[in-house]
Amino acid sequence: MNRRNFLSGVGSSAFVAATGSSLLASNGFANTPSIFKTEFAAAAANNPYLTPYRGAASDLYCEALVIEGKLPTELRGRFYRNGPSNFERGNERYQHWFDGDGMVQQFSFDGKAVSHRGRFVQTNKFKAEKEANQFLVPAFGTGIRAQMRVAGPDSMNTANTNAIEHAGRVLAMWEGGSAFELDPKTLDTKSAVTWKQGWEQMPFSAHPKLDPQGNLWNFGSAGNAFFVYQIDASGKVVKTQMAKVPVDRKTHGGMNHDMAITERFIIVPMPPVTLHFDLMAQGKTGSEVLKLHKDAPLRIWVAPKDDISKAQIFDLPHEMVFHVGNAYERTGASGTEIVMNYVGSRDDNFLAGAAVAIMRGAHKPAGESVMRTVTMNLSSGKAALATYDDTPEEFPRLDPRFIGRRADSLVTPISWRARKEADHGFHGLQVRNVDSGKTTRFDYGDDFIVEEHLVVARPGSSKELDGWIVGTAFNAKRQKTCVSVFDASNIANGPIARAWLPYWLPLGFHGNFTQA
């Protein structure tokens with residue numbers, strides 16, 4: 001099926017929102033009142049923890065961060081982060097954290113020093129709205145009247161979710177459209193990436209996985225269609241596939257965010273979420289637009305890498321899922337099993353509540369987000385679910401050399417105690433042994449908001465967690481962002497080095513480390 005037939009026959013959620021916006025404009029729909037900007041400004045004036053949600057005013061550069069401790073001389077390379085960093089134009093403010101335009105952060109390590117560069121991804125949307133000083137197209141969680149031509153998903157593409165350097169180029173990725181290519185030396189935006197002729201603007205999700213051979217695997221989803229991409233270490237497309245998924249679009253297909261791979265399979269959680277663009281058009285936000293169907297199951301799509309048309313679907317109890325940890329295959333008594341870790345939540349308090357409230361400077365509980373393990377038997381079609389504990393955690397990462405293979409450990413930001421203030425994200429870092437459940441933790445303290453941390457392997461080593469854990473955190477007292485470097489085998493002793501920026505960064509989502 002080619003792109004034209006796909007868009008007319010299946011339709012991506014992003015494309016439906018975009019094309020529908022032209023009708024909204026002609027029906028006299030007006031932009032949502034700007035109460036969010038007024039309320040946020042008042043709240044942020046008295047709450048130092050809200051600073052990262054102000055958004056960045058411009059690109060950033062720092063030649064040398066201030067180092068505390070001593071950087072490992074072997075830690076060399078580029079640490080990327082991406083996230084929503086522009087929330088306001090003119091008198092308006094986005095009403096959902098996910099809506100902001102993407103800004104890629106690059107921390108360059110040379111074994112002695114760290115430099116930083118942060119640049120907005122120059123999508124067509126970003127450039128047009130910057131020039132007009134107003135929002136021009138609809139967004140994920142904000143009702144906006146379209147005031148420029150919408151020609152597909154990339155007209156709404158914020159490129160704000162993840163960044164990875166692969167085959168000599170940086171890819172800034174979003175949920176529903178193209179990846180954007182950036183220059184790794186300057187972070188200059190080059191163009192949207194089309195992987196196959198006729199697949200322009202096809203969904204290329206924000207959570208690709210690298211296998212041991214350097215292949216970049218990714219998926220895209222739109223309605224009841226899935227796409228799978230295999231890109232080799234040189235950046236050449238090896239194979240693309242497309243298949244229809246037998247799901248009820250009344251309950252599923254609204255947000256398939258992350259994926260896992262094993263040696264032979266691709267696995268995608270499909271939470272029971274739908275997006276109601278008609279209500280978004282009326283200026284509604286939160287749970288009115290983003291509906292989690294509590295009477296529908298979480299579904300796990302498992303497909304052979306060489307032929308995704310032979311996929312299986314496993315039904316699990318109702319749950320919201322954003323992120324997976326890892327997956328691997330093993331041979332059980334009754335055939336092949338796939339074991340996968342993921343972070344699940346029984347509610348949509350974050351998606352439709354906390355991520356909206358924070359944009360107006362308010363607080364709503366983010367709800368539970370706990371680590372679970374599912375074991376899926378490919379012969380019987382049955383799945384077994386287990387939970388470690390009820391401690392809130394998110395953004396699981398592992399030693400990248402073990403992606404798709406059995407690994408012992410997962411690294412997550414986590415909160416295991418009450419904060420002095422209402423809710424300011426995660427306060428700690430954890431390494432969990434996924435077999436025993438045993439954990440090692442480090443508490444950053446009440447002044448910090450802890451973001452996703454990555455494992456960086458020691459050059460020449462093949463032992464899991466022989467290397468460092470690297471991640472960012474915002475300090476509300478100092479109003480600055482730092483990068484912490486831990487000995488991956490012993491985080492309890494705290495960072496062996498910290499690199500401080502002279503400024504703060506907007507809180508981001510995801511990133512990756514490319515070793516030099």
Please work out which of the three classes, parallel, tilted or perpendicular, describes the rings of [Y] and [X], given edges at 30° and 60°.
X: Trp97; Y: Phe350; answer: perpendicular
X: Phe226; Y: Phe219; answer: tilted
X: Tyr229; Y: Trp199; answer: perpendicular

Residue list, salt bridge (charged side-chain N to carboxylate O under 4.0 Å, His left out) with Arg372, at least two apart or on another chain: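 Arg372: salt bridge (charged side-chain N to carboxylate O under 4.0 Å, His left out) contacts with Glu319, Glu368.
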
Partner set under side-chain hydrogen bond (donor to acceptor under 3.5 Å, both in side chains) for Glu88, not counting sequence neighbours: Arg93

Check: [Y] main-chain N/O paired with [X] side-chain donor or acceptor under 3.5 Å:
X: Arg360; Y: Gln95; result: no
X: His207; Y: His510; result: no
X: Asn377; Y: Lys382; result: no

Option among Val411, Leu410, Leu398 that satisfies the side-chain contact (heavy atoms from CB on, under 4.5 Å) test with Val455: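 So, applying the side-chain contact (heavy atoms from CB on, under 4.5 Å) to Val455 and each of Val411, Leu410, Leu398, only Val411 qualifies.
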
Lys125 and its side-chain hydrogen bond (donor to acceptor under 3.5 Å, both in side chains) partner, picked from Asn157, Asp154, Asp101: Asp101

Ring centroid separation Phe509 to Phe98 under 6.0 Å: yes

Ring center gap for Phe227 and Trp195 short of 6.0 angstrom: no

Distance under 6.0 Å and angle within 45° of ring axis: Arg89 vs Phe126: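 Geometry flag: set, cation within 6.0 Å and 45°.
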
Row check, Tyr328 ring normal vs Arg405 NZ/CZ: under 6.0 Å, within 45°: no

Separation between CZ of Phe180 and CD of Gln122, rounded to the nearest 0.5 Å: 10.5 Å

CG on Asn224 to CE on Met270, rounded to 0.5 Å: 9.0 Å

What pair of heavy atoms forms the shortest contact from [X] to [Y], and how long is it?
X: Gln241; Y: Asp307; result: OE1-CA, 3.3 Å
X: Val324; Y: Pro396; result: O-CG, 3.4 Å
X: Met103; Y: Asn82; result: O-OD1, 3.3 Å

Lys130, NZ: over 12 other non-hydrogen atoms inside 6.0 angstrom: no

Glu131 atom CD, over 12 foreign heavy atoms within 6.0 Å: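 Counting other residues, nucleotides and ligands, CD of Glu131 stays at 12 neighbours or fewer.
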
side-chain contact (heavy atoms from CB on, under 4.5 Å) between Leu50 and Ile358, intermediate numbers included: CA-CA 8 Å; Leu50 290 176; Ile358 197 67; 3.6 Å; yes

Candidate pair Ile261 and Ile403, rule side-chain contact (heavy atoms from CB on, under 4.5 Å), full reasoning: CA-CA 7 Å; Ile261 59 171; Ile403 292 174; 4.0 Å; yes

